[in-house]
*Asks:* 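Mind having a look at this structure? Questions to follow.
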Amino acid sequence: MDVDIRKLVPQRPPMLLTGRLEQAADDRAETSWTVGGDCYLLDGAGRLAETGLLEHMAQAASALAGWRARLAGAAEAPLGFIGEVKKFRCRRLPSVGEELRTKVILRAEAAGVLLVEAETRADGAWVADAQLKVAIRP
């Protein structure tokens with residue numbers, strides 16, 4: 001998909017942790033992002049910390065919300081806030097230079113809160129998954 005990610009999510013560098021919307025449908029999206037050496041959420045070993053992984057997943061959910069909002073005619077990306085994280089599992093922390101591919105599936109939506117399942121992979125291998133509640137404010 002050829003959509004500028006900055007039109008879908010409100011985050012900007014240095015907090016922008018997603019790079020491209022690869023695909024999207026009404027209830028799902030896939031994003032990609034390469035972990036950069038300038039990311040301030042790296043641990044001492046040059047790996048993306050768990051907080052960075054969670055923020056990356058939340059931004060994938062935000063990209064889905066932004067894509068849906070643009071389809072509905074919105075001019076700007078909606079603001080999103082992580083409200084809850086459940087069932088977070090992390091197999092390993094990705095290193096600088098690795099491309100992350102994150103799929104999000106919308107499981108429920110009520111009163112501006114999205115319940116999504118997110119799964120992140122690097123080089124095809126599972127890295128982490130979680131269930132997130134993201135509050136979206138238009």
Side-chain angles (χ1 to χ4, degrees):
M1 300 185 83
D2 192 25
V3 179
D4 183 353
I5 198 72
R6 294 170 297 171
K7 293 185 179 185
L8 302 177
V9 300
Q11 291 83 1
R12 296 294 178 260
M15 196 58 190
L16 185 60
L17 302 183
T18 190
R20 181 173 163 80
L21 180 66
E22 299 293 341
Q23 55 185 327
D26 187 52
D27 65 344
R28 62 193 64 227
E30 182 176 346
T31 64
S32 63
W33 177 64
T34 301
V35 180
D38 59 347
C39 179
Y40 69 92
L41 294 172
L42 298 178
D43 67 10
R47 299 172 305 184
L48 186 63
E50 289 177 341
T51 53
L53 267 172
L54 286 168
E55 178 61 26
H56 168 72
M57 291 175 170
Q59 287 185 26
S62 185
L64 173 60
W67 184 79
R68 294 175 68 200
R70 286 188 54 99
L71 286 180
E76 294 184 18
L79 292 175
F81 304 92
I82 300 171
E84 182 178 40
V85 176
K86 283 184 160 182
K87 301 180 182 178
F88 177 65
R89 297 181 305 165
C90 180
R91 175 174 230 162
R92 68 176 183 84
L93 299 175
S95 298
V96 170
E98 285 191 272
E99 182 185 61
L100 305 182
R101 302 278 287 209
T102 297
K103 293 180 183 179
V104 292
I105 299 172
L106 177 62
R107 293 297 182 196
E109 179 179 11
V113 176
L114 307 179
L115 173 62
V116 298
E117 290 179 0
E119 178 184 275
T120 299
R121 293 181 170 269
D123 298 323
W126 178 78
V127 171
D129 59 15
Q131 187 179 82
L132 305 168
K133 283 186 183 172
V134 180
I136 301 294
R137 186 175 72 190

*Asks:* Do any pairs count as a salt bridge (Lys or Arg N to Asp or Glu O under 4.0 Å) and have a residue in residues 10-23, sequence neighbours left out, and if so which ones?
*Replies:*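 Every pair satisfying salt bridge (Lys or Arg N to Asp or Glu O under 4.0 Å) with a residue in residues 10-23: R20-E22, E22-R101.
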
*Asks:* Step by step, work out the side chain to side chain contact (heavy atoms under 4.5 Å, CB included) result for Q131 and L115.
*Replies:* CA-CA 7 Å; Q131 187 179 82; L115 173 62; 3.6 Å; yes

*Asks:* Do M57 and L93 belong together in a cluster built from hydrophobic side chains that touch within less than 4.5 Å?
*Replies:*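 Different clusters.
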
*Asks:* State plainly whether the residues K103 and E119 are in salt-bridge range, i.e. N to O under 4.0 Å.
*Replies:*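 Result for this pair is no, no salt bridge flagged.
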
*Asks:* Minimum heavy-atom separation for A130 and F88, please, with both atom names.
*Replies:*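 Shortest heavy-atom contact: CB-CD1, 3.8 Å.
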
*Asks:* Taking all heavy atoms of G36 and all of L42, pick out the closest pair and write down the distance.
*Replies:*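 The answer is O-CD1, 3.8 Å.
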
*Asks:* For residues S62 and Q11, report the shortest heavy-atom separation together with the two atoms involved.
*Replies:*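 Where S62 meets Q11 most closely, the heavy atoms are OG-OE1, 4.3 Å.
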
*Asks:* Using the rule that Ile, Leu, Val, Met, Phe, Trp and Tyr join whenever any side-chain heavy atoms are under 4.5 Å apart, tell me whether M15 and I82 fall into a single cluster.
*Replies:*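 Unlinked, M15 and I82 end up in two clusters.
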
*Asks:* So, do W126 and R89 sit near enough that their side-chain heavy atoms are less than 4.5 Å apart?
*Replies:*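 W126 reaches R89 side chain to side chain.
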
*Asks:* Taking a hydrophobic cluster as the set of Ile, Leu, Val, Met, Phe, Trp and Tyr residues connected by side-chain heavy atoms closer than 4.5 Å, whether directly or through intermediates, do L100 and I5 fall within one such cluster?
*Replies:*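 Unlinked, L100 and I5 end up in two clusters.
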
*Asks:* Just to verify, what does E76 make a side chain to side chain donor-acceptor pair (under 3.5 Å) with, not counting sequence neighbours?
*Replies:*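 Expected list: none.
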
*Asks:* Restricting to non-hydrogen atoms, name the atom on A65 and the atom on L114 that form the minimum distance, rounded to 0.1 Å.
*Replies:*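 So the minimum-distance heavy-atom pair works out to CB-CD1, 3.9 Å.
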
*Asks:* Is it true that V104 and L106 fall in one hydrophobic cluster, defined by side-chain heavy atoms closer than 4.5 Å?
*Replies:*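 Yes, because V104 and L106 connect within a single hydrophobic cluster, where side-chain heavy atoms sit under 4.5 Å apart.
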
*Asks:* Rounded at 0.5 Å granularity, tell me how far CG in D129 sits from SG in C90.
*Replies:*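 Nearest 0.5 Å value for the CG-SG distance: 9.5 Å.
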
*Asks:* Between V127 and R92, is there a side-chain heavy-atom distance shorter than 4.5 Å?
*Replies:*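 R92 vs V127: side chains touch.
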
*Asks:* Do P78 and P10 come within less than 4.5 Å of each other through their side chains, counting heavy atoms only?
*Replies:*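 Not in contact.
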
*Asks:* Just distance, no hydrogens or angles: give the donor-acceptor pairs under 3.5 Å from side chains in residues 45-56, sequence neighbours left out.
*Replies:*
unit_1	atom_1	unit_2	atom_2	d
R47	NE	D43	OD2	3.0
R47	NH2	D43	OD2	2.8
E55	OE2	Q59	NE2	2.8
H56	ND1	L17	O	2.6
H56	NE2	T102	OG1	2.6

*Asks:* Applying side chain to side chain contact (heavy atoms under 4.5 Å, CB included) to I105 and V116, what does each step give before you reach the verdict?
*Replies:* CA-CA 5 Å; I105 299 172; V116 298; over 6 Å; no

*Asks:* Sort and list the pairs that fulfil salt bridge (Lys or Arg N to Asp or Glu O under 4.0 Å) and have at least one residue in residues 65-74, not counting sequence neighbours.
*Replies:*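 Passing the test, one end in residues 65-74: D26-R68, R68-E109.
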
*Asks:* If we only count heavy atoms from C-beta on, is the V113 to V134 side-chain gap below 4.5 Å?
*Replies:*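 Not touching, per the 4.5 Å side-chain cut-off.
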
*Asks:* Partners of P14 by side-chain contact (heavy atoms from CB on, under 4.5 Å), sequence neighbours excluded?
*Replies:*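 Expected list: Y40.
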
*Asks:* Any chance you could measure L132, atom CG, to R107, atom CZ, to the nearest 0.5 Å?
*Replies:*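 One finds 13.0 Å between CG of L132 and CZ of R107.
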
*Asks:* Which heavy atom of A25 sits nearest a heavy atom of W67, and at what distance?
*Replies:*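 Heavy atoms of A25 and W67 come nearest at O-CZ3, 3.2 Å.
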
*Asks:* If you look at every heavy atom in V35 and S95, which pair is closest and at what distance?
*Replies:*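 So the two residues come closest at CB-O, 3.6 Å.
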
*Asks:* Just jot down the salt bridge (Lys or Arg N to Asp or Glu O under 4.0 Å) partners of D123, sequence neighbours excluded, or say none.
*Replies:*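 Per chain and number, D123 pairs via salt bridge (Lys or Arg N to Asp or Glu O under 4.0 Å) with no residue.
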
*Asks:* Do the side chains of L21 and L16 join up, straight or via other hydrophobic residues, at under 4.5 Å, putting them in one cluster?
*Replies:*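 Yes; L16 is reachable from L21 via cluster members.
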
